[in-house]
Q: 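One structure, pasted below without further comment.
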Amino acid sequence: MLTFYGQEVASRLLIGTALYPSPTIMQQAIKASGAAIVTVSLRREAAGGKAGDAFWSLIRDTGARVLPNTAGCRTVREAVTTAELARELFGTPWIKLEVIGDDETLQPDVVGLVEAAALLTREGFNVFPYCTEDLTVAGRLIDAGCEVVMPWAAPIGSAKGIVNPAPLALLRARFPDVPMVIDAGLGAPSHAAHALELGYDAVLLNTAIAKAGDPVAMAEAFRLAAEAGRTAYEAGLMAPRDFASPSTPVVGTPFWHAATS
Amino acid sequence: MMLTVNGERREARSATVRRLLGELDYETEFVAVAVNYTVLPRGRWDEPVLKDGDAVEIVSPRQGG
């Protein structure tokens, strides 16, 4: 069984709660995805507003465990304070730590990320760092106390799938016992299957489901793909090779050697 | 005194977070509050911590990826 910080995780698909056409479709998509963990965020409340109250009621109705994020934070100080606000608001030590280093690609600022992860771990947080596929950065995050690592597949919302499979495969092989989640950039169920086939423990996505023509059906498709990918990984995938190898037996082929007589 | 509340300059009289939320018509059940980048837990909302020039952030749950 997959565990994050000692908690058993029933599904290898984690999904976000943003960008759905309606709250009802969001709830139906979460159900169809089978996700046991959903990501949430926090934003400034308006005076007289009830936006947070309404949203939070919907999420609690789903029964899913929440993983709050620090989306939009660009400095260590912003990320740490946002994590502390999230712990106060959602009552969980879990935090998806984002420290953004570039506005166009939303690429993580891995230097700030490692620093913030160390600070938050010392404060008792269970940090889920959103990082790149860089092996050394992942090692530093693990050294800082992260028991889960979440490298990107591609920039957030880009739908490109796994852009750099070789370094991601290396990262997986280098830290075989650390739960790792491919987070961000997945656009199609086949991308999720690819991540699980590479040996990643789970995938986390939002836009590809929320912005689909039919988000509920797409959530179901991603659930099936994640299950297929994991089952394939456990079954043992064959290694690729350059030349053909016939699958039908050669011995007994009709007219075999007949051309030489 | 003048406070910066969620990025906007506001005139306020309240010295405690709980009174400030009431004064500015914020709901209190589903919000968390930070003063000058330090989270003020709900258990400390009755302490008279606010002073002129403070930056107050009042946040609530929202959709996220």
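Letters go in sequence order (proteins before strands), and every chain restarts at 1. Worth knowing before you read on, the calculation uses all heavy atoms, side chains too, and leaves out hydrogens, waters and symmetry mates.
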Q: Roughly how far, to the nearest 0.5 Å, is CG of A/L42 from CD of B/Q63?
A: 12.0 Å

Q: Which atoms of A/A47 are under 4.5 Å from chain B, going by heavy atoms: the side chain, the backbone, both sets, or neither?
A: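 Contact with chain B: backbone and side chain both.
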
Q: Supply the atom-to-atom distance B/Y37 OH to A/T81 OG1, rounded to the nearest 0.5 angstrom.
A: 7.0 Å

Q: Which value, rounded to the nearest 0.5 Å, describes the distance between A/W56 atom CH2 and B/S60 atom OG?
A: 11.5 Å

Q: Consider side chain to side chain contact (heavy atoms under 4.5 Å, CB included). Of B/L40, B/V31, B/V39, B/V33, which one does A/L85 pass it with?
A: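 Testing A/L85 for a side chain to side chain contact (heavy atoms under 4.5 Å, CB included) against B/L40, B/V31, B/V39, B/V33 leaves exactly one candidate, B/V39.
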
Q: Within a 6.0 Å radius of atom CZ on B/R19, are there more than 12 heavy atoms belonging to other residues, nucleotides or ligands?
A: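 Not buried by this count: 12 neighbours or fewer within 6.0 Å.
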
Q: Mark yes when over 12 heavy atoms from residues, nucleotides or ligands other than B/E11 sit less than 6.0 Å from its CD; otherwise mark no.
A: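 Buried by this count: over 12 neighbours within 6.0 Å.
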
Q: Does any backbone or side-chain atom of A/D53 lie under 4.5 Å from a heavy atom of chain B? Answer side chain, backbone, both or neither.
A: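 Both parts, backbone and side chain.
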
Q: Less than 4.5 Å to any heavy atom of chain B: does that hold for the side chain of A/Y20, its backbone, both, or neither?
A: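 A/Y20 has no heavy atom closer than 4.5 Å to chain B.
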
Q: I'd like to know if the side chain of A/T17 reaches the main chain of B/G64, judged simply by a donor and an acceptor atom lying under 3.5 Å from each other, with no hydrogens or angles considered.
A: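 Looks like yes, one N/O pair under 3.5 Å.
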
Q: A side-chain contact here means heavy atoms from C-beta on lying under 4.5 Å apart; do B/R62 and A/E45 qualify?
A: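 A side-chain contact under 4.5 Å exists here.
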
Q: Taking side chain as everything from C-beta outward and backbone as N, CA, C, O, which of these in A/A210 sits under 4.5 Å from a heavy atom of chain B? Side chain, backbone, both or neither.
A: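 Neither part, no heavy atoms under 4.5 Å.
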
Q: Are the side chain of A/E88 and the backbone N or O of B/R42 linked by a donor-acceptor pair below 3.5 Å?
A: yes

